[in-house]
Amino acid sequence: MLSFIHAGDVHLGNPLTGIAKNLPDKFQTAIQNAGYESFQRLIQSAVSNQVDFVLFPGDLLNGAGQSAKVQATLLRGFLALEKAGIQVLLSYGNHDYQALSDWHQTWPKNVHVFGSEVSEIRLKSRDGQLVGFTGFSYANREENRDRLADFPSRDPELPYEIGLYHGMQGKSGDRYAAFSVEQMLQKGYDYWALGHIHQRLLLHERPTIAYSGNLQGLNRKEVGAKGALLVKESSGQLVSTFLDLSVVRFEQVVVESPAHLMELVRYLQEQTFPKLTFLSIQLSGPVGSDIQAAAVNGDLLERIQQSLGAHSMVWPIRVDFKKEKTATRPSFASLSFEEAIDKTVSTENLLALLSDEVPLAVRKYFSQEDGQAAVRTALNQLFEQEGGDNEN
C-alpha cells in the first residue's frame, strides 16, 4: 500500500518573527528550536508511519541553507529516513532556489533532487509498485514561465503518478509558476503535492490537489495548526490526513466589550490551547476605563502578560482595538464635516490606530486635547483640499 508524507514550505533555519521581548524562559527556548524540532517531528512521523516517501515541494530551506546547524539537521534527518528505507523527493522553490547551484552537498542515496527543468523520477515503493514523481526546482527567485506545460501527461502503465509543484494559482506570466486546477486535472495525475502557500488548502479532491501549509507558523499571521499531510492508498485512492507537527502555535481571539482588565484576563485564562501559544488579541466594542487608561499609557499588553504569568500556556504578543466595519450609512453621513470630525476624533479611536511600538509620549499627546485638536485641523484641511479638487 503506497504511502508518503507531503511537507511543503518547511523553511528550515527561518526564525519566528514579530514576537514581543521579555519572553518567559519556556517560550524563549521553544522559539529558538521550533523550526528544527518541527522538522525532527516530521522525520519521526515518517519513520513511525513506515511511509515509502517524503515529498518536499519547495522552500525546504530559507535561503541557500548553508549554516552548519541547518546542514547537520538535514543530514541527520535524511540518514534516519535512509535507515528506515524511506526515500526523499526534493525540489527547491522561490525561497531556497540558491541551494540548487550554491550548495554542493552530497546527500545520502535516498535523496532525489529535481533540477531546474521539469523531469520525472521513478521509484519503487516498499511493496514493489513503480511510482512516477514529476517536478522541477526554481533557478531564480521568480518563475514566470508556464512550467505546467512541460509536465508530461500521466503514463497509463504506472500504478501512480505524483506531481510536485511550487507555485500559485494565476494566469500565465505571473511571478510564481502560475497554474490552474483545470490544467493540472488535464495531466491525469493521482496527486499534486503543492508548495508556496503557508496555509493548508485543498484545491481539488479525487484526485487531490493540495497545499500542506508550513510545518511551523513563523509569525502572528500564520495562525492555527501547522504540519504536513500523511497520504495513504485506500481502495485505489490516495487519502490524506493532517499531522500537527508544530512546536508553538499562533492564534487570534476577539474579546467582546470587556468591562475591566480583570474580566479580560479571566477570559484569556479560560481559553484552552493544546500547546504553547502566542496570542494576538482584538478588543471589540466599548471597553472598561482601566483598559482605556492602560492603552493610553502604552502598557496594556504588558499588564495582560504579567497578569497571565510565566506559567501560562499562552503568551499575548499583540493587543488591538477592532475597527468595526459597517455596511450601512454612518449616522453622521448627513452632518457637516466639522460635526463628523467631532464625532470621529476621540481618545479611543485615535489610540486604536496606534501600534504598541508607538512611544508613550506620542500616545499621550493624541489622548489629550492639543493632539486631538491637531488631528481635527489636519482633517479639516484635507476635506477642504478634496472639496476644491472635486470642483475642478
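Predicted, not measured: the structure shown is a model, and the values here were computed from it.
In terms of hydrophobic clustering, with Ile, Leu, Val, Met, Phe, Trp and Tyr side chains grouped at heavy-atom distances under 4.5 Å, Val118 and Tyr97 are assigned to a common cluster.
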Worked verdict on Lys171 versus Asp146 for salt bridge (charged side-chain N to carboxylate O under 4.0 Å, His left out): CA-CA 9 Å; Lys171 63 182 186 299; Asp146 181 4; over 6 Å; no
Could you walk me through whether Val255 and Leu264 pass the side-chain contact (heavy atoms from CB on, under 4.5 Å) test, one step at a time? CA-CA 7 Å; Val255 185; Leu264 173 58; 3.8 Å; yes
Take Val10 and Asn214, measure what side-chain contact (heavy atoms from CB on, under 4.5 Å) needs, and give me the verdict at the end. CA-CA 6 Å; Val10 175; Asn214 48 347; over 6 Å; no
Could you walk me through whether Leu2 and Val131 satisfy the side-chain contact (heavy atoms from CB on, under 4.5 Å) test, starting with their C-alpha distance in whole Å, then the side-chain angles of each, then the deciding distance to 0.1 Å, before giving a yes or no? CA-CA 9 Å; Leu2 174 64; Val131 183; 4.0 Å; yes
Apply side-chain contact (heavy atoms from CB on, under 4.5 Å) to the pair Gln282 and Val253, showing each step before the final yes or no. CA-CA 6 Å; Gln282 281 195 329; Val253 295; over 6 Å; no
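Defined by atom type and a distance below 3.5 Å, a donor-acceptor pair is present between the side-chain atoms of Asn62 and Asn14. Under the 3.5 Å distance criterion, with hydrogens and angles disregarded, no donor-acceptor pair is assigned to the side chains of Tyr176 and His166. Between the side chains of Gln169 and Ser180, no donor N or O sits under 3.5 Å from an acceptor N or O. For Asp127 and Gln129, the side-chain atoms include at least one donor-acceptor pair closer than 3.5 Å. With hydrogens and angles left out, the side-chain atoms of His196 and Asn94 include a donor and acceptor closer than 3.5 Å. Looking at Glu251 and Thr277, their side chains never bring a donor and an acceptor atom within 3.5 Å of each other. Checking Thr29 against Gln32 by side-chain atom types alone, no donor-acceptor pair falls below 3.5 Å.
Within 6.0 Å of NZ on Lys221 lie no more than 12 heavy atoms contributed by other residues, nucleotides or ligands. The number of heavy-atom neighbours closer than 6.0 Å to NZ of Lys83, taken from other residues, nucleotides and ligands shown, is 12 or below.
The distance from the CZ atom of Phe321 to the CD atom of Gln292 is 7.0 Å, given to the nearest 0.5 Å. Within the model, atoms OG1 of Thr241 and CG of Leu229 stand 8.5 Å from one another, a figure rounded to the nearest 0.5 Å. With rounding to the nearest 0.5 Å, the separation of CG in Leu74 from CG in Leu61 is 5.5 Å. Taking CG from Asn33 and CD from Gln40, the interatomic distance works out to 8.5 Å, rounded to the nearest 0.5 Å. The OG atom of Ser284 lies 4.0 Å from the CD atom of Glu256; values are rounded to the nearest 0.5 Å.
Judged purely by atom type and a 3.5 angstrom limit, Gln237 has no side-chain atom pairing as donor or acceptor with the backbone of Glu233. In this structure, the side chain of Arg145 does not engage the main chain of Ala149 through any donor-acceptor pair within 3.5 Å. Between the side chain of Ser312 and the backbone N or O of Leu308 there is no donor-acceptor pair closer than 3.5 Å. When atom types are taken as modelled, the side chain of Asn219 and the backbone of Thr17 share no donor-acceptor pair closer than 3.5 angstrom. Using modelled atom types, no side-chain atom of Tyr138 and backbone atom of His95 make a donor-acceptor pair closer than 3.5 Å. Between the side chain of Asn144 and the backbone N or O of Gly173 there is at least one donor-acceptor pair closer than 3.5 Å. Between the side chain of Thr208 and the backbone N or O of Tyr191 there is no donor-acceptor pair closer than 3.5 Å. A donor-acceptor contact shorter than 3.5 Å links the side chain of Ser38 to the backbone of Gly35. Distance alone, capped at 3.5 Å, is enough to place a donor-acceptor pair between the Asp96 side chain and the Asp59 backbone. Listed for the Ser137 side chain is a donor-acceptor partner under 3.5 Å among the backbone atoms of Phe114.
Taking the six-membered ring where the residue is Trp, Phe179 and Tyr211 present tilted rings, their angle falling between 30° and 60°. Relative ring orientation between His198 and His11 is described as perpendicular, the plane-to-plane angle rising above 60° on a 0-90° scale split at 30° and 60°.
Looking at every heavy atom in both residues, Tyr189 comes nearest to Pro207 through O-CB, 3.4 Å. Of all the heavy atoms in Pro316 and Ile304, the pair that sits closest is CG-CG2, 3.8 Å. Counting all heavy atoms, side chain and backbone alike, Tyr92 lies closest to Ala99 at CE2-CB, 3.6 Å. Residues Pro258 and Ile291 share a closest heavy-atom pair of CG-CD1, 3.7 Å. Phe4 approaches Leu238 most closely through the heavy-atom pair CE2-CD1, 4.2 Å. Heavy-atom minimum distance, Asp290 versus Leu261: OD2-N, 2.9 Å.
A side-chain contact (heavy atoms from CB on, under 4.5 Å) with Leu215 is found for exactly one of Leu12, Val247, Leu243, Leu42, namely Leu42.
The pair Arg249-Asp244 meets the salt-bridge criterion, with a side-chain N (NZ, NE, NH1 or NH2) lying under 4.0 Å from an Asp/Glu carboxylate O. Ion pairing between a basic and an acidic side chain is recognised when a charged N comes within 4.0 Å of a carboxylate O; Glu143 and Arg147 show such pairing. Ion pairing between Asp320 and Arg318 holds under the 4.0 Å rule for side-chain N and carboxylate O.
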N/O donor-acceptor pairs under 3.5 Å from side chains in residues 49-58, not counting sequence neighbours:
from, atom 1, to, atom 2, distance (Å)
Asn49, ND2, Ser45, O, 2.8
Asp52, OD1, Arg126, N, 2.9
Asp52, OD2, Ser3, N, 2.8

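Listed by first and then second residue, the salt bridge (charged side-chain N to carboxylate O under 4.0 Å, His left out) pairs that reach into residues 30-47 are Glu37-Arg41, sequence neighbours excluded. Each ring pair (Phe, Tyr, Trp, His ring centres under 6.0 Å) pair with one or both residues in residues 221-248, not counting sequence neighbours, would appear here, but there are none.
Tyr36 carries Lys69 over the face of its six-membered ring, with the cationic atom under 6.0 Å from the centre and within 45° of the normal.
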